[in-house]
Peer 1: 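My questions all concern the structure below.
Here the structure is a predicted model, which is why all the values come from computation and not from measurement.
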Amino acid sequence: MLAGLGILVLALTGCGRSQPELVFSGPTMGTTYQVKVVPGPAGCPPDLDHRIATLLQSLDAAMSTYKPDSELNRLNRQPVGEPFAVSADLLRVLMLSKQAFQLTRGAFDPTLGPLVDLWGFGPVDTGDRVPSEGELKEALESIGLDYLAIDEGASSVLKRRYIEVDLSGIVPGYAADRVSELLDSLGLKNYLVDLGGELRASGQNGKGKVWQIGIEVPSVDRSEVERVLALRDVGVATSGDYRNFFERDGVHYSHIIDPASGRPVSNGVASATVITPTAAEADALSTGFMVLGKDSGLKIADERGIALLLLVKEGAGFVEYSSAAFAPYLSERAE
Ligand code: AMP
Ligand code: MG
């Protein structure tokens, strides 16, 4: 199955007084990353490529559900009621997850692990099987981030009942933020980090212009740009139902699962794009807004001043709906 990629990084065209953009890329977390850096007069450290790759490897080693010995899988095996000491990264991701869980009223819920596995979107391929009502009911009993107590001061967490955490809906965005922190710490100010379509932008591109990205038309068989967005020092993420799914008896089952029903979402929202200060927030919220659907999603985004763009299937095409905070991105003419 392919990782969702709702965003296209647009190629830099023209030359003029352009500065070179260095590009560092590779595979990570079941997808790919691409980091573009405009080095400036001080240049980049010669081992930047290696430093980025090592950072991503360590985040994947800690938070993958695909690696049996990851810190996350050890937490998943930890007995109920026994404190588990967490690394700084896992603690931050769990706290950010809790914020997104609360903001989306439980629509973003990383304790969906058993349901993700049951529907075959986890490490084990289930052969596109639709689970039975009994299996769904049983899995739903162990869902709820409220069952995870986080003790920030002690850097430890405790499961109040059996839960299985799956952070796939937030870790790529968090990893983009961590690469951004690394670049900031090296004095680099102009860069675009893309981790599987979750982005973090800073400063300007090699042409001295604001970074631009394209939001894709949410289609299984086309890769076309629906919108061009200009990004200033923000994180952006798109979640969609069209790149990671299976079909059975004519029904489309997407990898985004509604924690209320235990089933893949089917509310007509084909993609949700969120722009927030960090990529981790954008990543978690875009997944949550896919679940909330058009009306609740736009209501919450407007109440909280979050920039949200939804592409909703209507008739044979898609209709755009956006929150008030997204308006500046729609009116802006990208160059
Ligand atoms: P994303 O591509 O960021 O939307 O993340 C989707 C992944 O997050 C899925 O493949 C699942 O592993 C997991 N997931 C699915 N539904 C949810 C949900 N409602 N809340 C949190 N994570 C989810
Ligand atoms: Mg996400």
Peer 1: In the structure I gave you, are the side-chain heavy atoms of Gln204 and Lys209 within less than 4.5 Å of one another anywhere?
Peer 2: no
Peer 1: If the threshold is 4.0 Å, N to carboxylate O, is there a salt bridge linking Glu303 and Arg105?
Peer 2: yes
Peer 1: Which pair of non-hydrogen atoms, one from Pro172 and one from Asp283, has the smallest distance, and what is that distance?
Peer 2: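 So the minimum-distance heavy-atom pair works out to CD-OD2, 3.5 Å.
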Peer 1: Just do the side chain to side chain donor-acceptor pair (under 3.5 Å) check on Asp89 and Ser87 with the steps written out, would you?
Peer 2: CA-CA 5 Å; Asp89 281 312; Ser87 65; 5.5 Å; no
Peer 1: Could you grab the distance from atom CG of Leu285 to atom CZ of Arg304, nearest 0.5 Å is fine?
Peer 2: 9.0 Å
Peer 1: For Gly203 versus Asp233, what's the shortest heavy-atom pair and its separation?
Peer 2: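 Shortest heavy-atom separation between Gly203 and Asp233 comes out as N-OD1, 2.8 Å.
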Peer 1: Is there a side-chain contact between Leu56 and Ile52 (heavy atoms, below 4.5 Å)?
Peer 2: yes
Peer 1: Could you go through Thr238 and Thr273, starting from their C-alpha distance and side-chain angles, then the distance that decides it, and tell me whether this counts as side chain to side chain donor-acceptor pair (under 3.5 Å)?
Peer 2: CA-CA 4 Å; Thr238 293; Thr273 297; 2.7 Å; yes
Peer 1: Can we say Glu164 and Lys159 salt-bridge, meaning some charged N sits less than 4.0 Å from an Asp/Glu carboxylate O?
Peer 2: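 So Glu164 does not pair with Lys159 through a salt bridge.
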Peer 1: Which heavy atom of Glu198 sits nearest to which heavy atom of Ala176, and what is that distance?
Peer 2: O-CB, 4.1 Å
Peer 1: For atom CD of Glu181, decide whether the heavy atoms of other residues, nucleotides or ligands shown that lie under 6.0 angstrom number more than 12.
Peer 2: yes
Peer 1: Locate the shortest heavy-atom distance separating Leu145 from Lys98; write the atom from each residue and the value.
Peer 2: O-NZ, 3.4 Å
Peer 1: Between Glu320 and Arg227, does any NZ, NE, NH1 or NH2 come within less than 4.0 Å of an OD or OE carboxylate oxygen?
Peer 2: yes
Peer 1: Please answer: with hydrophobic residues joined when any side-chain heavy atoms are less than 4.5 Å apart, are Ile257 and Val269 in the same cluster?
Peer 2: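 Ile257 does not cluster with Val269.
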Peer 1: Rounded to the nearest 0.5 Å, what separation is found between the CZ atom of Arg92 and the CD atom of Glu152?
Peer 2: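 Going from the CZ atom of Arg92 to the CD atom of Glu152 covers 11.0 Å.
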Peer 1: Check the angle between the aromatic planes of Phe121 and His255 and answer parallel, tilted or perpendicular using the 30° and 60° thresholds.
Peer 2: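 Perpendicular, since the angle between the ring planes exceeds 60°.
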Peer 1: For side-chain contact (heavy atoms from CB on, under 4.5 Å), just list the numbers for Val35 and Leu192, CA-CA rounded to whole Å, side-chain angles, deciding distance to a tenth of an Å, and then say yes or no.
Peer 2: CA-CA 6 Å; Val35 181; Leu192 181 65; over 6 Å; no
Peer 1: Consider side chain to side chain contact (heavy atoms under 4.5 Å, CB included). Of Leu183, Val171, Leu59, which one does Arg178 pass it with?
Peer 2: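 Testing each of Leu183, Val171, Leu59 against Arg178, the sole residue satisfying side chain to side chain contact (heavy atoms under 4.5 Å, CB included) is Leu59.
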Peer 1: Would you say Leu308 and Ser322 make side-chain contact, with heavy atoms under 4.5 Å?
Peer 2: no
Peer 1: Distance only, no hydrogens: is a donor on one side chain within 3.5 Å (strictly under) of an acceptor on the other, for Tyr191 and Asp184?
Peer 2: yes
Peer 1: Would you kindly check if the NZ (Lys) or CZ (Arg) of Arg161 is within the cone defined by 45 degrees around the ring axis of Tyr147 and under 6.0 Å from the six-membered ring centre?
Peer 2: yes
Peer 1: Restricting to non-hydrogen atoms, name the atom on Asn205 and the atom on Glu21 that form the minimum distance, rounded to 0.1 Å.
Peer 2: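 Of all heavy-atom pairs spanning Asn205 and Glu21, the closest is CB-OE2, 3.3 Å.
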Peer 1: Does any part of the side chain of Cys44, heavy atoms only, come nearer than 4.5 Å to the side chain of Leu188, both counted from C-beta?
Peer 2: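 Yes, close enough: below the 4.5 Å cut-off.
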Peer 1: Within the supplied structure, the quantity of interest is the number of heavy atoms (other residues, nucleotides, ligands) at a distance under 6.0 Å from Lys189 NZ; does it exceed 12?
Peer 2: no
Peer 1: Would you say Val157 ends up clustered with Leu96 if hydrophobic residues are merged whenever their side chains have heavy atoms under 4.5 Å apart, either directly or through other cluster members?
Peer 2: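 Leu96 clusters together with Val157.
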Peer 1: Would a hydrophobic clustering, with Ile, Leu, Val, Met, Phe, Trp and Tyr connected at side-chain separations under 4.5 Å, put Phe289 with Ile275?
Peer 2: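 Unlinked, Phe289 and Ile275 end up in two clusters.
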Peer 1: Hey, are Tyr321 and Glu314 close enough side-chain-wise for a donor-acceptor pair under 3.5 Å?
Peer 2: yes
Peer 1: Working to the nearest 0.5 Å, report the span between CG of Leu75 and CG of Leu94.
Peer 2: 7.0 Å
Peer 1: Is there a side-chain contact between Val37 and Phe24 (heavy atoms, below 4.5 Å)?
Peer 2: yes
Peer 1: Could you check whether Arg74 pairs with Asp69 (Lys NZ or Arg NE/NH1/NH2 to Asp/Glu carboxylate O, under 4.0 Å)?
Peer 2: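 No, this pair does not count.
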Peer 1: Between Leu310 and Phe318, is there a side-chain heavy-atom distance shorter than 4.5 Å?
Peer 2: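 No, too far: nothing below the 4.5 Å cut-off.
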Peer 1: Measure across Glu71 and Phe84 and return the closest heavy-atom pair with its distance rounded to 0.1 Å.
Peer 2: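 Of all heavy-atom pairs spanning Glu71 and Phe84, the closest is O-CZ, 3.8 Å.
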Peer 1: For Phe101 together with Phe108, are the ring centres under 6.0 Å from each other?
Peer 2: no
Peer 1: Is any side-chain N of the basic residue among Arg200 and Asp177 closer than 4.0 Å to the acidic one's carboxylate O?
Peer 2: yes
Peer 1: Check the side chains of Thr278 and Glu281 for a donor-acceptor pair under 3.5 angstrom, ignoring hydrogens and angles.
Peer 2: yes
